[in-house]
Amino acid sequence: MQSYAISGDFSNAFSTLNLMKNIDGKPTVYDCNALMYFYLKSKNACWQELVEMYTGMKRFGPPPVASTFNTLLNGMLLLGDLKHAIFIVEEMYRNHFVPSFTSLSKTLKMAVKVGNLLDGLVVFELMLRYDYHPIEPTLNKFILMLCDAGMVSDACFVFSVLLRKSYVYSVYCYNPILWALCKTGRSYTALQLFYLMKKKGFVHNVCSYTALIYGFCREGLQDNVFQWLDFMQSNGCKPNVITYTIIVKFLFDNGKFEEAMDFISRMEREGCNPDLLTYNVILRELCHRDRLDDISELIQVMDQKGLSPDSYSYAALCGGLLKIGKVGDACELLLDIFSNGTVDVAVYNIYFRCLCQENKSREALSQLKRMMKVGFKPNNVSYNTILSGFCKEKNINEALELLYHFEWDVNGPDAVTFNAILSTACRLGNSAIIQRILYHMRYEDMKLNIFSLTCLVRYLCSSGNFSECLKLVESMMYNSPTPPVVTLNMLLHNLCKNRLLGTAYRIFQNLRNTQCLPDVTSYNILIHASIREHNHLLVGQLLGEMKRQGLKPDVFTYGSLISGLCKEGKISAALQLWNQMLERGLIPSVVIFNTLLHAIFQRGKFWDILLLLKAMVVQGFQPDEVTLGILSQAVSNGSMKRFPKVAKVLDWVISNDFQKETDQKTIAG
DNA sequence: ATAGGGTTAG
């Protein structure tokens, strides 16, 4: 039996085992175990036979004993059969046998190794039954993988269970959780975890501190970023190139170019040299600022430091050019890059986008197909880019075709895909396609996100279907996802435009009980409508509410108020507001200027015209065509005849010859 | 052993 088993011949080994029945008391459970043991040694054992034999033993005897289970469990681990390893452990539990720590530990290690996180969680819970805990390397890897897969709450569960039992040993266990929290906008929770671990006596390292820096940057908490940077240093933790790169990118992305460049000097001074990633961040920003000379200089510096550009550098450059509208330049550079070596899919995606931008979506598609024939592997971004290209060219039916015919990866089309088509269908008012996409999304169990909802709100508003739209927005307000303020403003604007200020105001007031906060624009929309409907009471109420919310009136608020006053002929009150704006450091727009100018002419308040024109010249204000139209009309209709000097000034302004400093002084005088 | 950069939808 043993020699059959060891050669992998299960059926002969099994019939030999059965022959033993001729001997009284045979075969024993140890004979069965021996068969399985040697069969497993054969290296070509199959789980089916083992499981069948096990169920046979359970039904007909001899009943399995501890060593049966241990043999089977070790065997399944040897075969790399995770599912049946778990099955055996469950069987042991049901039969009141205790699997060894080592075998469960090995099972978890295998689950982690093959990346089967769901089974990993099952094994982890099995271990908890016996009060076993994962060994440190397996645990750290497991938590890291859970975090990377977006299963942060599972990672937190594993972590907190073990923390309670004091089975967490180092920062490497929870740093991935800190990062995962910070990457998903939960820096405050990360902060709490940070302090909890500190209290427990753990010493954070630069990676832990950097996670928080990343989180604060991501959430735009600038003060926290710099406080934290000081804090880590006062705790004896030196920021490294990663920490600095994150801050530099944050400063760039928030328009603080000089500060970012200062930071780069600072890190160099502190002996922390920028690396390729840092340079890529800088390259991208220089591109956005169209500083091509600085780019070539920087590339030389990189070259001197032995850093050669990679796919990210090329994507930063080409993506940057594309963003500032230099599609031709981007294309040229891309073709040059392609002819000089291989780059990854992101760079090709930028190329597809360039083509689509120039309304050559069809060419992008044929290039994609051609490249796929020679081994190019597109991703969802490639497909979505081309699909959006067709949408942009209003080729929505072909975009739909692509949805069904692209060779999507295992995950299939994603939210971006559906939203691209949905937004186009909404823009074109194609309700059949809207319904089709919504149906498809429901079928794929894909939730509408803020993009989809915003498209739908716009569509429903423009088709006048406010009741449906209100249902949608109100369900968003009280559930997730919380609508962004732009979506709300879109609805408020459309309601007001359709003379439904009352409804708009009701929605606005309901915001108090929700997560969404109105912004200055929301107030401006309502104030504008209230003025138009001569509802002075509401205007006052809104202004007061705005102040209590800590929101300051902006150029648009003043614009509405001034225009309202002008229409009522209250010129001096309007001029007062104009001055108030200037005092508060707000630059009035030319539209407001024209409104005032027009009203003043209508009322014949010629001295006020001079005051306004003076303000215009002193502030270096550029008149536009409307301004010149108003002035020309005033001069040509003769109403200026009685004021020849005023007329002369107007002529001067109309001739647009007042830009020179001397002229400005003269006119102001 | 853990961490930072580029490309898609409102």
Side-chain angles (χ1 to χ4, degrees), chain A residues 136-141 143-145 147-148 170-180 182-183 204-215 217-218 239-250 252-253 274-285 287 309-320 322-323 330 334 343-354 356 378-389 391-392 399 413-424 426-427 448-459 483-484 486-487 490:
Chain A
E136 205 187 346
T138 307
L139 173 64
N140 294 353
K141 188 106 192 280
I143 287 189
L144 175 63
M145 289 175 85
C147 289
D148 283 347
S170 79
V171 291
Y172 295 105
C173 183
Y174 62 80
N175 274 350
I177 299 183
L178 286 178
W179 272 96
C182 289
K183 280 184 174 178
H204 300 298
N205 63 14
V206 57
C207 180
S208 334
Y209 284 98
T210 303
L212 268 301
I213 296 254
Y214 181 93
C217 285
R218 191 186 175 278
N240 62 17
V241 58
I242 298 176
T243 324
Y244 282 123
T245 304
I246 292 167
I247 298 176
V248 167
K249 181 172 157 54
F250 166 71
F252 278 148
D253 289 346
D275 61 12
L276 184 57
L277 277 75
T278 323
Y279 283 117
N280 286 345
V281 170
I282 307 172
L283 280 177
R284 180 165 177 269
E285 180 64 19
C287 228
D310 64 358
S311 281
Y312 283 85
S313 326
Y314 295 132
L317 288 172
C318 303
L322 181 59
K323 195 163 221 158
L334 281 161
V343 281
D344 70 12
V345 59
V347 185
Y348 285 106
N349 289 345
I350 296 172
Y351 178 58
F352 296 139
R353 183 143 169 80
C354 282
C356 291
N379 58 15
N380 273 16
V381 179
S382 332
Y383 290 139
N384 289 341
T385 301
I386 293 175
L387 194 137
S388 302
C391 284
K392 184 174 151 262
D414 54 25
V416 179
T417 324
F418 288 112
N419 285 339
I421 301 179
L422 187 66
S423 82
T424 311
C426 284
R427 216 160 22 126
L448 298 175
N449 66 14
I450 54 174
F451 284 89
S452 353
L453 290 164
T454 306
C455 298
L456 288 170
V457 167
R458 169 173 303 186
Y459 166 71
V486 286
T487 313
M490 196 189 289

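For the numbers below, each heavy atom of this structure counts, side chains included, while hydrogens, waters and symmetry mates do not. Quick note on labels: first sequence line is chain A, next is B, and so on, each numbered from 1. This one's a predicted model, so the numbers in the text were calculated from it and none came from an experiment.
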Checklist entry - Below 3.5 Å, does any donor atom in the side chain of A:N240 face an acceptor in the base of B:dA3, or the other way round? => result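 By the distance-only test, yes, there is a pair.
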Checklist entry - Quick one: A:Y383 OH to B:dT8 P, roughly how many Å, whole number? => result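 Rounded to the whole Å, the gap is 18 Å.
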Side-chain N or O of [X] versus OP1/OP2 of [N]: is the shortest distance under 4.0 Å?
X	N	value
A:R427	B:dG10	no
A:K141	B:dT2	no
A:R458	B:dG10	no
A:K249	B:dG6	yes

Candidates [options] - which lies nearest the side chain of [X]:
X	options	result
A:A346	B:dA3, B:dT7, B:dA9	B:dT7
A:N349	B:dT7, B:dG4, B:dA1	B:dT7
A:D344	B:dA3, B:dG4, B:dG6	B:dG6
A:Y214	B:dG4, B:dA1, B:dT8	B:dG4
A:A315	B:dG6, B:dT8, B:dA3	B:dG6
A:I246	B:dT7, B:dA3, B:dG4	B:dG4
A:Y172	B:dG10, B:dT7, B:dT2	B:dT2
A:S311	B:dA1, B:dA9, B:dG6	B:dG6
A:N419	B:dT2, B:dG4, B:dA9	B:dA9
A:I350	B:dT7, B:dG10, B:dG4	B:dT7

Checklist entry - Is A:Y312 stacked on the base of B:dG6, meaning ring centres closer than 5.5 Å and planes within 30 degrees of each other? => result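 One would not call A:Y312 stacked on the B:dG6 base.
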